[in-house]
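Everything on this sheet refers to the single structure shown next.
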Amino acid sequence: MSEVVATAGAPVADVDEDRRLRDRPLLITAAVLVAVSLALVLGEGLHAWGQASVNGLVSGSYVALGAVGLTLVYGTLKLTNFAHGDMLTFGAYAALLGKVTLGLPFVVAVAFGMLVSAVLGLLFELGMWRPMRRKGAGAFQLMLMSLGLAFVLRYGIQFVAGTENKNYGIDTTAVVTILDLRLARVELVVMIVGVVLILATAIILARTTLGRQMRALSDNSSLAETTGIDTGRIVSVTWLFAAGVAGLAGVLAAMAANSFTPEFGFRLLLSLFAAVILGGIGNAYGALVGGLLIGLVQEWSTLLVDANWKIAIGFSVLIIMLIVRPQGIFGTAGRV
Amino acid sequence: MHELLPLAISFDFFNGADFWVGVGVLAGIYTVLTLGLQLNVGFTGIQNFGQIGFAAIGAYVMALLVSDADWSFWLAIPVAIGFAVCVAVVLGVITLRLRADFFAIATIAFSEIVRYIAQNARGLTHGNQGVQDYVATWRSFSRDVRHDVLDGIGMGGVEFNQMPLLIVTWIAALLLLLLLRHLTKSPWGRVLRAIREDEDAARAMGKNTLRFKLQSLGIAAAVGAFAGILLALQTPNVAPDNYLPLYTFIGYAVLILGGLTSWWGVAVGALIVQFVLEATRLIDFGLTESQTSSMRFIIVGLVIILLVAFRPQGVFGKREEMVLGD
Amino acid sequence: MTDPTPDEAPIATAELPDAIPRVGPTPAAGDLPPGAGGAVLLQVTDVVKHFRGIRAVDGATFAVREGTVTSLIGPNGAGKSSLFNAVTGFYPPDRGAVTFAGRSIFRKPPYAVARAGIARTFQLTRALTAMPVIDNMLLAAPHQRGESLAGALFPFGTRAREKQLREQALELLALFRLDTKADDYAGTLSGGQRKLLEFARALMTEPRMVLLDEPMAGVNPTLGRELMAYMQRLRTERGMTFLFVEHDLEAVMANSDQVVVMAQGRVIADGTPDEVRRDQRVIDAYLGGAGG
Ligand SMILES: Nc1ncnc2c1ncn2[C@@H]1O[C@H](COP(=O)(O)OP(=O)(O)OP(=O)(O)O)[C@@H](O)[C@H]1O
Ligand SMILES: [Mg+2]
């Protein structure tokens with residue numbers, strides 16, 4: 001009996017996974033949301049809660065759309081992309097260019113901004129990320145390069161467009177009142193467009209072959225490779241998608257804020273990371289939900305503390321989540 | 001947008017010597033700030049992206065103790081540094097067990113939270129106005145140095161206003177550089193390098209790696225806080241916008257330029273980066289002011305990208321000890 | 001690795017350096033009947049370690065006596081490495097008990113287990129490639145005052161210890177014919193040399209027991225045999241205890257006092273090489289595993 005090297009005894013399949021509460025993160029999340037909402041309704045009144053929630057959905061929608069690309073790129077390439085926030089800025093300025101300089105109708109200008117962002121994302125992949133991966137660059141190396149790229153993007157935009165506040169020249173004074181909740185009309189548009197796009201994104205990811213392949217690659221790249229997906233092509237598509245949606249999120253954020261500077265995307269970056277980590281890094285649906293949650297938490301916090309704190313509250317949620325459940329709401333336990 | 005470079009000398013003060021003295025002071029401050037990053041990133045493999053947060057804590061605690069609590073300036077300095085170290089230990093215990101990229105994000109979030117507290121806890125920090133009433137002791141010390149020492153060598157004039165700060169900053173920077181170099185050449189430094197290479201291997205050899213990582217982060221926080229205090233003497237104003245994550249990132253540019261694991265590289269990198277950031281003011285590119293300042297940061301970004309891609313060991317780093325890559 | 005010239009002494013006959021501690025009972029060479037040894041040194045009882053959906057270790061129980069060589073075998077995925085990781089604290093086990101020299105090391109962090117006297121190597125070598133070979137060795141030594149911040153700051157008195165450790169390390173490296181490489185970066189070593197370095201480094205920790213995960217994999221056969229011979233000498237001359245995972249069953253049967261067989265996370269057989277060889281469950285596990 002020599003050199004008997006047997007191959008895998010298959011892993012013991014069914015295991016009596018304890019159905020502890022800890023293992024039902026969605027349930028917990030929903031319970032916490034309901035409890036917090038109830039507390040706020042009781043403490044601050046239904047109207048105040050409703051108003052804050054609507055505001056939260058407005059900012060949550062562009063955070064969600066910004067985060068979905070960030071998480072897909074991370075999941076697919078293990079790239080912590082510090083330049084992603086500046087892709088939002090790029091989209092917003094590209095749309096501005098379309099509207100003001102090229103004189104396009106706003107909707108067309110937005111599509112133009114999205115398209116240009118998508119193409120730029122693909123160019124970075126082909127010109128920078130792919131060659132670096134071929135060279136065998138490590139995760140930290142790529143992270144630092146994304147930091148450099150963030151500088152080039154942000155200050156490139158600033159070089160061209162200047163540091164002054166810009167806006168799309170949309171009428172922001174018009175206010176809509178629904179169910180006694182006041183909302184600027186642009187905000188309503190942002191919210192509706194944002195939520196529709198989130199749903200559309202989710203459907204694309206769930207229903208189309210490309211979407212499923214992107215998620216497969218993001219969830220488990222080695223598995224996807226062995227199942228014969230053309231990874232090079234999917235990676236390119238992922239970049240087009242991530243950057244395009246980021247560009248769109250940038251336009252929405254810029255519309256909601258009404259005025260913007262070349263820094264706004266970078267300022268959003270940590271909120272995007274918060275959404276990504278809340279939802280479970282690499283998980284596209286998680287990022288969408290995480291984005292909405294971050295928006296809600298930030299706005300709800302304004303019922304209790306000064307509104308100036310809301311960004312910091314978002315970051316605190318990020319840190320608390322990292323401590324309590326680094327794999328995120330939808331993530332499975334792994335090495336984190 | 002606010003003035004892009006709170007770290008920069010404003011044009012009003014501009015005239016020959018004063019300008020270059022100012023550049024030298026900032027380079028020295030960046031050296032101190034980045035020494036901490038070198039210890040963390042280059043020698044321990046922990047990706048601290050919150051270094052400017054420690055600078056903020058150092059500056060604020062010192063400034064507030066002096067201006068609002070009437071402490072002595074000299075006593076406030078060590079207390080401020082000690083406070084930053086305590087914060088680092090708490091932060092480290094919470095976040096050092098996270099994997100590298102999450103740690104990076106968590107530390108940026110930390111430094112931003114510090115900045116938001118500085119901005120919004122107005123009762124304590126004076127908000128965006130910042131703190132100013134802490135420089136008297138330093139000013140008189142600085143004046144004494146100018147009269148008693150610099151006058152004798154023809155540098156007593158007003159254009160050498162910041163000369164004492166320049167001297168103090170660089171003496172401190174060099175002492176700290178030598179000290180850290182000495183520490184990392186010891187068996188202690190050997191354990192840090194082992195953690196950088198492979199934490200599990202170090203643990204298998206009986207090293208309590210969390211303890212070493214906490215020490216590394218704590219020391220980085222101490223030098224970071226000291227850099228913050230020096231910066232507070234240079235500006236001289238302690239306000240939230242002096243502590244943007246941008247400045248941590250510039251520290252990374254310094255680090256990559258000089259080379260990970262190279263202590264002297266930190267000083268050289270800081271000099272080069274400051275030169276690029278400031279001296280470009282002297283050249284007339286026919287651009288607007290905003291374009292010139294944008295261009296400076298585009299250059300910094302490009303330098304980061306190109307170095308990381310093509311010379312990841314930096315200018316002085318050792319190829320074999322390359323921390324980046326594979 | 002430069003091929004050993006025939007006239008060069010193979011490691012097994014070279015003098016054991018004093019660097020290697022004498023531990024436990026030190027029976028004279030040849031005195032030790034196979035399977036005997038001293039008291040139980042490592043006791044693993046009902047250890048369970050599961051990852052989501054996978055019971056990597058599913059209630060393993062066995063004991064290792066001091067001064068013996070025990071091997072741990074089983075098909076791929078049987079849970080051998082996971083068991084090592086559970087014992088050494090890298091994967092804190094979910095249930096069970098682990099005692100070493102009478103003290104519990106259950107769920108103790110890796111560094112504490114190492115300090116208790118268990119050194120280990122990894123299946124995939126963990127040489128610190130961006131550090132010189134000698135630093136890999138020095139790092140492993142225990143009781144270094146220079147590793148404290150105070151000792152690093154004021155190195156008076158730590159220099160002597162450093163010098164002594166360096167000599168020890170060079171002696172050990174010489175034994176593995178790595179002394180000429182002492183100042184090279186570990187990244188320049190071949191795969192086999194890295195395995196040797198890991199073994200040497202484990203010995204530098206002055207262990208009472210050494211766990212080796214596939215020490216012969218990727219090492220050329222001559223060197224592999226020498227490694228086994230060297231392990232035997234450390235056991236007989238110094239009383240050191242070994243537990244090793246190995247797929248080369250010939251080497252396992254020739255070198256072990258006791259063989260523990262694992263399959264699907266459980267210990268399915270435990271005995272002398274002869275007993276295990278005849279055990280029907282073992283034959284089934286291997287053939288069944290190979291078939292399925
Ligand atoms: N960190 C981990 N996360 C999830 N599953 C793991 C992990 N480590 C091991 N496993 C699983 O546990 C089971 C046992 O693996 P282990 O590496 O212990 O086997 P082994 O006996 O050492 O195999 P080999 O002979 O191939 O080294 C395998 O199914 C493996 O996939
Ligand atoms: Mg194994």
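So you know, we letter chains A, B, ... as the sequences are listed, proteins then strands, and number each from 1.
- If you measure heavy-atom distances from L149(A) to chain B, the contacts under 4.5 Å come from both the backbone and the side chain.
- Shown here for L318(A) and A109(B), the closest heavy-atom pair between the two residues is CD2-CB, 3.7 Å.
- When each of I304(B), N120(B), T288(B) is checked for heavy-atom pairs under 4.5 Å with chain A, N120(B) comes out on top.
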Start with the C-alpha gap between Y252(B) and M143(A), add the side-chain angles, then the distance that decides, and say whether side chain to side chain contact (heavy atoms under 4.5 Å, CB included) holds. CA-CA 11 Å; Y252(B) 270 82; M143(A) 190 201 281; over 6 Å; no
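- Note that CD of Q47(B) is 7.5 Å distant from CG of L144(A), once rounded to the nearest 0.5 Å.
- Residues R154(A) and S294(B) have side chains not in contact (no heavy-atom distance under 4.5 Å, counting atoms from C-beta outward).
- The structure places CD1 of I281(A) at 5.5 Å from CG of D101(B), a figure rounded to the nearest 0.5 Å.
- Proximity to chain A involves both the backbone and the side chain of A121(B), based on heavy atoms less than 4.5 angstrom apart.
- The shortest distance between side-chain heavy atoms of W309(A) and Q119(B) does not fall below 4.5 Å.
- Contact record, L98(B) with P326(A): CD2-CB, 4.0 Å, taken as the closest heavy-atom pair.
- Interface residue I117(B): backbone and side-chain heavy atoms are both found under 4.5 Å from chain A.
- Going from atom CD1 of I256(B) over to atom CE of M145(A) covers 10.0 Å, rounded to the nearest 0.5 Å.
- No side-chain heavy atom of Y155(A) sits less than 4.5 Å from a side-chain heavy atom of V300(B).
- In this structure the side chain of V41(B) reaches within 4.5 angstrom of the side chain of F140(A), judged on heavy atoms.
- Checked against the 6.0 Å centroid threshold, F159(A) and F297(B) do not count as a close aromatic pair.
- Across F110(B) and I319(A), no two heavy atoms sit closer than the pair N-CD1, 4.1 Å.
- Of the two parts of L322(A), the backbone and the side chain both hold a non-hydrogen atom closer than 4.5 Å to a non-hydrogen atom of chain B.
- Remark: F151(A) CZ to I299(B) CD1 distance equals 12.5 Å, nearest 0.5 Å.
- Chain A forms more heavy-atom pairs under 4.5 Å with one residue of T292(B), T95(B), I298(B) than with any other, namely I298(B).
- Neither the backbone nor the side chain of F103(B) comes within contact range of chain A; no heavy atom of the residue lies under 4.5 Å from a heavy atom of that chain.
- Under the 3.5 Å distance criterion, the side-chain polar atoms of Q141(A) are left unmatched by any main-chain donor or acceptor of P312(B).
- For I313(A), no part lies under 4.5 angstrom from a heavy atom of chain B.
- How far CD of E112(B) is from OG of S271(A): 9.5 Å, rounded to the nearest 0.5 Å.
- Annotation: side-chain hydrogen bond (donor to acceptor under 3.5 Å, both in side chains) contacts of N308(A) (sequence neighbours excluded): D306(A).
- Distance check: F102(B) CZ to I323(A) CD1 gives 13.5 Å after rounding to the nearest 0.5 Å.
- Scanning all heavy atoms of the two residues, the minimum distance from S290(B) to G162(A) falls at OG-CA, 3.9 Å.
- Neither the backbone nor the side chain of S146(A) comes within less than 4.5 Å of any heavy atom in chain B.
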